2 protein chains.
Amino acid sequence: MKKVELSLPAEPLTLSDKLRRGDLLSAACPSRTVMKHITSRWGVLVLMVLDGETRRFSELRRLIDGVSERMLAQTLQWLEADGLVRRVAYEVVPPHVEYNLTPLGQQAAHKVRDLADWVESSIPEVVQHWNKASAS
Amino acid sequence: MKKVELSLPAEPLTLSDKLRRGDLLSAACPSRTVMKHITSRWGVLVLMVLDGETRRFSELRRLIDGVSERMLAQTLQWLEADGLVRRVAYEVVPPHVEYNLTPLGQQAAHKVRDLADWVESSIPEVVQHWNKASAS
DNA sequence: TGCTATACTTACATAAAGTAAGTACGTACA
DNA sequence: TGTACGTACTTACTTTATGTAAGTATAGCA
């Protein structure tokens, strides 16, 4: 079983420093993988919707317009493996599974929410730019 | 020439409200597209690197480990079209092109940087979770 | 009895991303 | 003078990721 090593930035750092921080600019750094999961098309929306709430799989599917069951399941598995999402399954038929955020996931969700809020509120300016550019 | 309309949330809003804010949860909302550009694999890194700096194409390519010229060009074109990145080309041979952020792009870059900082500093916890899970 | 709902997984089709090469011309170096 | 390298891209082709549709076991309701 292979343990993941953190990639080391250019400056000489102590071992504990290396364990302390990732570097998104280096391709081999595991932070790239985590960022990929969080900023994936559905990852962003899952974190938004789970922020402070517990939701069932089917609720998430309905709340997140356009997501397929396949991608929702995969996204949740990524986030669960990263320790951001907690999955609670009740052994009943038909199945009943609940999802919520871990403390770490909550932190991520706050950053994502800040970005999402900015995007949602800046949309008019971006759209204006689109229309201006296509008009010229 | 088709103008883009904003998708309307559930609550009844005035027309000016509709122009005011996007809704990432609805599939048809243009905020989905902008979010896609910003949170794309290379979009995040481009915004990070351009934060407060002017950079040439080749500098970006070297700073962002692993990016291909093809994807870097495409990502920059997306962000330029969204009004987040400004492109300045000098008509010389060999070519010389500079990129920097618009005020809107700076705002986006700040949010992205907050998220990136969190990911980079939270990596040890995530990796610990990976190793713990694979050990069991 | 038949229909709907649950939380997934699997096989297959499509879209996106990665890879490699080409471009036109300047500069550096031997 | 010839050769290699650097610039900012684009194009053709391959690989990977995503979307779509269908299948699963069983309970509740009409």
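Here is the naming used below: chain letters follow the sequence lines, and residue numbers restart at 1 for every chain. Small disclaimer: the values here were computed from a predicted structure and weren't measured.
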I need the [atom1]-[atom2] distance between [X] and [N], as an integer number of Å.
X	N	atom1	atom2	answer
A:E91	D:dA25	CD	C1'	13 Å
A:F57	C:dA7	CZ	C1'	6 Å
B:R32	D:dG19	CZ	C1'	14 Å
B:H96	C:dT27	NE2	P	15 Å
A:I64	D:dG19	CD1	C1'	16 Å
A:L60	C:dA7	CG	P	9 Å

For the student: nearest non-hydrogen atoms of [X] and [Y], plus distance:
X	Y	result
B:I38	B:A108	CD1-CB, 4.3 Å
B:G22	A:I123	N-CB, 4.3 Å
B:L104	A:E125	CD1-OE1, 3.4 Å

- Quick one: label B:Y90 by what it contacts on the DNA or RNA (base, sugar-phosphate, nothing), any heavy atom closer than 4.0 Å. nothing

- Using a heavy-atom cut-off of under 4.0 Å over every strand shown, decide if A:Q77 touches base, sugar-phosphate, or nothing. sugar-phosphate

- Nearest to the side chain of A:R56 - D:dT7, D:dA27, C:dA7? C:dA7

- With the side chain of B:R62 defined as its heavy atoms from C-beta on, choose the nearest nucleotide among D:dT7, C:dG26, C:dT6. D:dT7

- Test applied, side chain to side chain contact (heavy atoms under 4.5 Å, CB included); reference residue, B:L79; option that passes from B:L101, B:L84, B:V34: B:L84

- Single-linkage hydrophobic cluster B:L25~A:V119, side-chain heavy atoms < 4.5 angstrom: yes

- Message: Is there a side-chain contact between B:R61 and the phosphate of D:dG6, meaning an N or O under 4.0 Å from OP1 or OP2?
- Response: no

- Query: Hey, mind stepping through A:R21 and B:D117 against side chain to side chain contact (heavy atoms under 4.5 Å, CB included) and telling me if it holds?
  - Reply: CA-CA 9 Å; A:R21 191 157 231 276; B:D117 279 343; 3.6 Å; yes

- Keeping to residues at least two apart or across chains, list the side-chain hydrogen bond (donor to acceptor under 3.5 Å, both in side chains) pairs with something in residues 32-47 of chain A. A:H37-A:D82

- Query: Where along nucleotides 12-22 of chain C does protein come under 4.0 Å, by heavy atom, of base (B) or sugar-phosphate alone (S), with - for untouched nucleotides?
  - Reply: -----BBB---

